[in-house]
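Convention: sequence-line order gives letters A, B, ...; per-chain numbering from 1.
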Amino acid sequence: MGRLPREFFAADSRELAPHLLNKLLVRGERVGRIVEVEAYAGAADPASHAFRGMTARNATMFGPPGHLYVYFTYGMHFCANVVCGPEGEASAVLLRGLTPVAGVEAMRAARGSAARRDRDLCSGPGKLCQALGLDRSFDGADLVTGDRGVEVVDDGVPPPAVPGVSGRIGLSVATEVPWRFYVPGAVGISRAR
DNA sequence: CTTTGGATCGTCT
DNA sequence: GACGATCCAAAGG
């Protein structure tokens, strides 16, 4: 299980996003392989929470790379992003889908009756946060050092040579830019509405 | 399998 | 006061 250097996360979000595919997100005994992500390009991206500058909610995105930005939305869901780019630039990669690798029973317990099949455990940004128990208390967690028990590691599985690419999901603006990346055919990919 | 409506509240205008 | 980087149950094919 290789630790990833801070510089790995310092890249532009659109460059980092496909490189995050097939890395592992580890939260205690619960482990998932990252199979779907979306890039958000900070101040230059009208769909980004950082488009209108820094607020109390999005401050973590303006900090150093390699940290977790967790936000609450729709009155009931959390979503998790990997902060990237240089400090001061608020770019990030949204984690949208994981393939469950370990701790599946704990994930199932956290998700409840809705997740009957393994493919339903982490196949969406809100679902994977619920499965791994990620909430606002994890906002700012360091994914390099694992200071709060959450980290991203490399187990030697490379990203796909040719990732799937599409427009981003769930937005009302900038829906056409091809900044969603996924592992073709993987378990745990979300579905568009 | 697909489509549709409702839940629910922190955040920013 | 409006609106989400969403999810689920129910209903129809």
Item to check | Exam field: side chain A:N22 to backbone A:P158, donor-acceptor pair closer than 3.5 Å | outcome: yes
Checklist entry - How about A:H49 and A:Y71: are their ring centres within less than 6.0 Å of each other? => result yes
Checklist entry - Does CZ belonging to A:R136 count more than 12 external heavy atoms closer than 6.0 Å? => result yes
Checklist outcome for this item: Separation of C:dA5 atom C1' from A:L68 atom CG, nearest Å, is 14 Å
Item to check | Full working for side chain to side chain contact (heavy atoms under 4.5 Å, CB included) between A:L25 and A:V31 | outcome: CA-CA 6 Å; A:L25 181 64; A:V31 181; over 6 Å; no
List, with names and distances, any nitrogen or oxygen atoms from the protein found under 3.5 Å away from nitrogen or oxygen atoms belonging to nucleotides 7-9 of chain B.
{"residue": "B:dT8", "atom": "O2", "partner": "A:Y74", "partner atom": "O", "Å": "2.6"}

Checklist entry - Which pairs, with at least one residue in residues 168-193 of chain A and sequence neighbours excluded, count as a side chain to side chain donor-acceptor pair (under 3.5 Å)? => result A:E36-A:R180, A:E36-A:S190, A:D45-A:R168, A:R96-A:S190, A:S166-A:R180
Checklist entry - What are the residues of residues 115-129 of chain A, sorted by number, that bring a heavy atom to within less than 4.0 Å of DNA chain C? => result A:G124, A:P125, A:G126, A:K127
Item to check | A:M61 CE to B:dT11 P, straight-line distance once rounded to whole Å | outcome: 13 Å
Checklist entry - Could you state the CD-P distance from A:E176 to C:dA5, rounded to the nearest angstrom? => result 16 Å
Next on the checklist: Closer than 4.0 angstrom, basic N to acidic O: yes or no for A:R33 and A:D155?
Outcome noted: yes
Checklist entry - Which atom names give the shortest non-hydrogen contact between A:Y69 and A:V83, and what distance separates them? => result CB-CG2, 3.9 Å
Item to check | Donor-acceptor under 3.5 Å (A:N58 side chain, A:T55 main chain) | outcome: yes
Next on the checklist: Check whether A:R108 reaches the backbone of A:R116 with its side chain - one donor and one acceptor, N or O, closer than 3.5 Å.
Outcome noted: yes
Item to check | Whether A:S13 side chain and A:S91 backbone form a donor-acceptor pair below 3.5 Å | outcome: no
Checklist entry - Quantified in whole Å, what is the P atom distance between nucleotide C:dA5 and nucleotide B:dT4? => result 22 Å
Checklist outcome for this item: Taken to the nearest whole Å, CZ/A:F78 to P/C:dC7 is 13 Å
Next on the checklist: Tell me whether A:R111 is salt-bridged to A:D120, with the criterion being a basic N under 4.0 Å from an acidic carboxylate O.
Outcome noted: no
Next on the checklist: Determine whether a donor-acceptor pair (N or O, by modelled atom type, separation under 3.5 Å) exists between the side chain of A:R119 and the backbone of A:I189.
Outcome noted: no
Next on the checklist: If I take atom CG in residue A:D139 and atom P in nucleotide B:dG10, what distance separates them, rounded to the nearest angstrom?
Outcome noted: 16 Å
Checklist entry - Judged by atom type as modelled, is there a donor-acceptor pair below 3.5 Å linking the side chain of A:D147 to the main-chain atoms of A:D142? => result yes
Checklist outcome for this item: When rounded to whole Å, the CG to P distance for the pair A:N81 and C:dA5 reads 11 Å
Item to check | Flag, side chain of A:S123 to backbone of A:G97, donor-acceptor distance under 3.5 Å | outcome: no
Next on the checklist: At a heavy-atom distance below 4.0 Å, what parts of residues 84-113 of chain A sit against DNA chain B?
Outcome noted: none
Item to check | Distance in angstrom units between A:Y71 OH and C:dG4 P, rounded | outcome: 12 Å
Checklist entry - Around atom CZ of A:R6, are there more than 12 heavy atoms of other residues, nucleotides or ligands at under 6.0 Å? => result yes
Checklist outcome for this item: Whole-Å distance, A:N58 CG to B:dG10 C1', equals 13 Å
Next on the checklist: To check you understand the geometry: which heavy-atom pair defines the closest contact between A:L20 and A:V152, and what is its length?
Outcome noted: CD2-CG1, 4.3 Å
Item to check | Stems involving DNA chain C, each a run of at least 3 consecutive Watson-Crick or G-U pairs under 3.5 Å | outcome: B:1-7 with C:6-12, B:9-12 with C:1-4
Next on the checklist: Within the 4.0 Å heavy-atom criterion, would you say A:A114 contacts the bases, only the backbone, or no part of the nucleic acid?
Outcome noted: sugar-phosphate
Item to check | Stretch residues 179-193 of chain A: residues that reach within less than 4.0 Å of DNA chain C through a heavy atom | outcome: A:R193
